[in-house]
Visitor: 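This structure is in structure tokens; I'll ask about it shortly.
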Amino acid sequence: MTQEKWGQLRQQLLKTVGQNNYKTWIEPLEFSDLKDGVATFHVPTNFIGNYVSQNFADLILYELNSTGASVQRVSFRVPANATAIPAKPVFKSAKAKPQTSESGLTAAPLDARFTFDSFVVGKPNELAHAAARRAAEGGPVTFNPLFLYGGVGLGKTHLMHAIAWELRARHPELNVLYLSAEQFMYRFVQALRERKMMDFKELFRSVDVLMVDDVQFIAGKDSTQEEFFHTFNALVDQNKQIIISADRAPGEIKDLEDRVKSRLQCGLVVDLHPTDYELRLGILQTKVENYRTMYPELNISDGVLEFLAHRISTNVRVLEGALTRLYAFASLVGREITMELTQDCLADVLRASERKISVEEIQRKVSDHYNIRLSDMIGPKRVRTYARPRQVAMYLCKQLTSRSLPEIGRRFGGRDHTTVMHGVKRIEELKQQDGQIAEDIELLRRALEA
Ligand code: ADP
Ligand code: MG
């Protein structure tokens with residue numbers, strides 16, 4: 001791979017991504033080197049790097065490899081000696097405090113995509129969203145801290161950035177400091193090392209809104225916790241808003257001092273629940289709107305989004321990644337996004353998020369459906385009222401799980417595998433003759449696969 005090759009490749013990319021995307025995202029890339037299967041590009045800012053990495057990396061990778069280069073990964077980085085184009089610091093002060101730069105304290109940059117406008121609200125996150133909106137108004141502090149928590153990829157960082165953007169727009173006079181707990185620790189250690197603790201303390205005590213992301217990170221880090229605790233108290237005493245996120249509730253964070261825990265709990269604690277189908281579909285639809293401007297020539301067939309929302313339920317990041325890959329791929333091969341293309345292109349993602357249905361789940365659903373007790377279904381009774389549902393459950397276990405007949409038998413009160421086999425056969429026959437059974441099974445299957 002050479003500079004010249006990259007020059008040619010860029011022309012190819014121009015055709016695929018269109019003039020606008022090309023100008024904004026591809027042109028600024030400078031090929032640096034190719035080592036150990038990693039092609040590195042220099043980018044002028046982290047923002048561009050992140051964006052390209054999320055939206056065009058697959059495409060670039062594909063193009064590189066199609067020229068015969070052997071590239072496993074592409075990486076984007078701001079060169080160390082770049083004439084620093086600093087990411088806009090969040091820390092803003094009307095008075096432009098000089099100690100800000102002296103103590104090296106700039107806030108983490110905000111992602112331009114993480115705004116309230118782009119946040120899709122559904123049942124699982126409506127409370128967190130409402131609380132975030134309230135905090136973003138910047139009015140009198142009513143709950144302190146606001147503590148947002150939830151699993152990976154459910155939108156905590158997105159909401160935090162959205163609050164910071166909004167506060168910045170509405171109240172440019174406020175000092176809003178957003179950073180991750182890791183950065184907090186890093187700054188703290190640096191201040192210790194450089195004997196600048198006074199600056200550090202003064203700076204943190206002079207913010208109007210302090211936002212700390214992923215606070216679980218400071219668990220077990222005693223002196224950082226101590227400093228965080230003091231900063232926290234000082235700000236609360238001054239009635240300054242604090243907004244915290246974590247991957248779990250305050251009480252559940254291990255190795256966090258009790259006094260810190262109880263401080264964190266005394267404001268408003270809200271969680272982001274795992275996404276549901278409707279929310280996932282909503283997020284996908286919003287993303288597709290964006291892609292429509294990016295790839296106006298690409299059509300997406302009915303049913304693809306529903307399929308993805310059903311099948312990828314782990315986290316939103318994976319969901320977004322899947323859609324990005326799909327668009328990049330479809331635009332490469334110049335085809336419409338159909339179900340077939342989706343299954344081809346996302347085979348690995350789909351396999352990884354395949355929902356594993358358990359024997360227990362099937363037993364529970366089936367006994368509920370026929371209104372019998374679970375113990376009777378698994379137990380020895382042979383009357384038809386129990387035996388038939390039992391056979392239905394066995395049949396579904398055979399169909400929907402990868403358990404063998406002996407394994408299934410064991411889970412049905414230690415029955416022999418021939419009993420299971422007989423049961424499965426019986427249901428197969430009945431399905432042909434008895435409409436009711438066929439319907440029951442279809443219903444149950446759908447419920448289990450939902
Ligand atoms: P977390 O910090 O909770 O791990 P992020 O905020 O980084 O998760 O979200 C992961 C990705 O999913 C981001 O790209 C974010 O924009 C997106 N995302 C999550 N929830 C939503 C939502 N409700 N609406 C739109 N995008 C979302
Ligand atoms: Mg996060």
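Keep in mind the model is a prediction, meaning the values are calculated, not measured. In each ligand, atom 1 is the first atom listed, and ligand 1 is the first ligand listed. All residue numbers refer to positions in the sequence shown, counting from 1.
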Visitor: Checking side-chain polar atoms at under 3.5 Å, does T324 have a donor or acceptor matched by the opposite partner on Y291?
Guide: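 Distance-only check passes for T324 and Y291.
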
Visitor: May I ask which of L319, T157, D247 has a heavy atom nearer to atom 2 (O) of ligand 1 than the others do?
Guide: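 When every heavy atom of L319, T157, D247 is considered, T157 comes closest to atom 2 (O) of ligand 1.
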
Visitor: F41 vs F76 aromatic rings, parallel, tilted or perpendicular, using cut-offs 30° and 60°?
Guide: parallel

Visitor: Against heavy atoms of N125, which atoms of ligand 1 measure under 4.0 Å?
Guide: 23 (N)

Visitor: Between T275, V316, T286, D213, flag the one that comes closest to atom 19 (C) of ligand 1 by a heavy atom.
Guide: V316

Visitor: Any salt bridge (charged side-chain N to carboxylate O under 4.0 Å, His left out) pairs touching residues 136-148, not counting sequence neighbours?
Guide: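 Listed by first then second residue: R134-E137.
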
Visitor: Any salt bridge linking K287 with E320? Criterion: basic side-chain nitrogen under 4.0 Å from a carboxylate oxygen.
Guide: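 So K287 pairs with E320 through a salt bridge.
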
Visitor: Please determine if L154 has a nitrogen or oxygen closer than 3.5 Å to a nitrogen or oxygen of ligand 1.
Guide: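 Checking ligand 1 against L154, an N or O pair does fall under 3.5 Å apart.
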
Visitor: Identify whether the distance between the nearest side-chain nitrogen and carboxylate oxygen of R335 and D344 falls below 4.0 Å.
Guide: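 Salt bridge: no.
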
Visitor: Quick test of your reading of the model: are E289 and R292 salt-bridged, counting only N-O distances below 4.0 Å?
Guide: yes

Visitor: Exactly one of F232, F229, F200 should register a ring pair (Phe, Tyr, Trp, His ring centres under 6.0 Å) with F184. Which one does?
Guide: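 Single ring pair (Phe, Tyr, Trp, His ring centres under 6.0 Å) partner of F184 among F232, F229, F200: F200.
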
Visitor: Kindly identify the option in G282, S118, G155, P124 whose heavy atom sits closest to atom 9 (O) of ligand 1.
Guide: G155

Visitor: Show me which atoms of ligand 1 lie under 4.0 Å from any heavy atom of G151.
Guide: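 Counting from 1, the qualifying ligand atoms are 3 (O).
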
Visitor: What residue and atom, counting heavy atoms only, is the protein's closest point to atom 7 (O) of ligand 1, and at what distance?
Guide: R317 NH2, 2.9 Å

Visitor: Could you tell me whether the side chains of S118 and R113 share a donor-acceptor contact shorter than 3.5 Å?
Guide: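 No, no side-chain donor-acceptor contact under 3.5 Å.
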
Visitor: Does ligand 1 have an atom that lies less than 4.0 angstrom from a heavy atom of G150?
Guide: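 G150 does not count as a contact of ligand 1 under the 4.0 Å cut-off.
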
Visitor: Can you name the atoms of ligand 1, numbered from 1 with element, that are less than 4.0 Å from a heavy atom of V120?
Guide: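 Reading through ligand 1 atom by atom, the close ones are 22 (C), 23 (N), 24 (N), 25 (C).
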
Visitor: Could you tell me which atoms of ligand 1, counted from 1 in the order shown, lie closer than 4.0 angstrom to a heavy atom of V152?
Guide: 4 (O)

Visitor: Counting non-hydrogen protein atoms only, what is the nearest one to atom 6 (O) of ligand 1? Give residue, atom name and distance.
Guide: H158 N, 2.8 Å

Visitor: Check for me whether the distance between the ring centres of W165 and F114 falls short of 6.0 Å.
Guide: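 Centroid distance W165-F114: not below 6.0 Å, so no.
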
Visitor: Among protein heavy atoms, which lies nearest atom 14 (O) of ligand 1, and at what distance?
Guide: E320 OE1, 2.7 Å

Visitor: Does one side chain, of H310 or E306, offer a donor that lies under 3.5 Å from an acceptor on the other?
Guide: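 The criterion, which ignores hydrogens and geometry beyond distance, is not satisfied for E306 and H310.
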
Visitor: Would you please classify the geometry between the H158 ring and the F119 ring as parallel, tilted or perpendicular, with 30° and 60° separating the classes?
Guide: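 Rings of F119 and H158: perpendicular, over 60°.
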
Visitor: Tell me which protein heavy atom sits closest to atom 4 (O) of ligand 1, plus the residue, atom name and distance to 0.1 Å.
Guide: G153 N, 2.7 Å

Visitor: For ligand 1, which atoms have a heavy atom of I283 less than 4.0 angstrom away?
Guide: 21 (C), 22 (C), 23 (N), 24 (N)

Visitor: Does R170 come within less than 4.0 Å of E166, counting only side-chain N to carboxylate O?
Guide: yes

Visitor: Can you see whether D213 engages S180 through a side-chain donor-acceptor pair at a distance of less than 3.5 angstrom?
Guide: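 Per modelled atom types, D213 and S180 side chains form no pair under 3.5 Å.
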
Visitor: Among protein atoms, how many N/O/S atoms lie less than 2.8 Å from the Mg ion (ligand 2)?
Guide: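 Total protein N/O/S atoms under 2.8 Å from the Mg ion (ligand 2): 1.
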
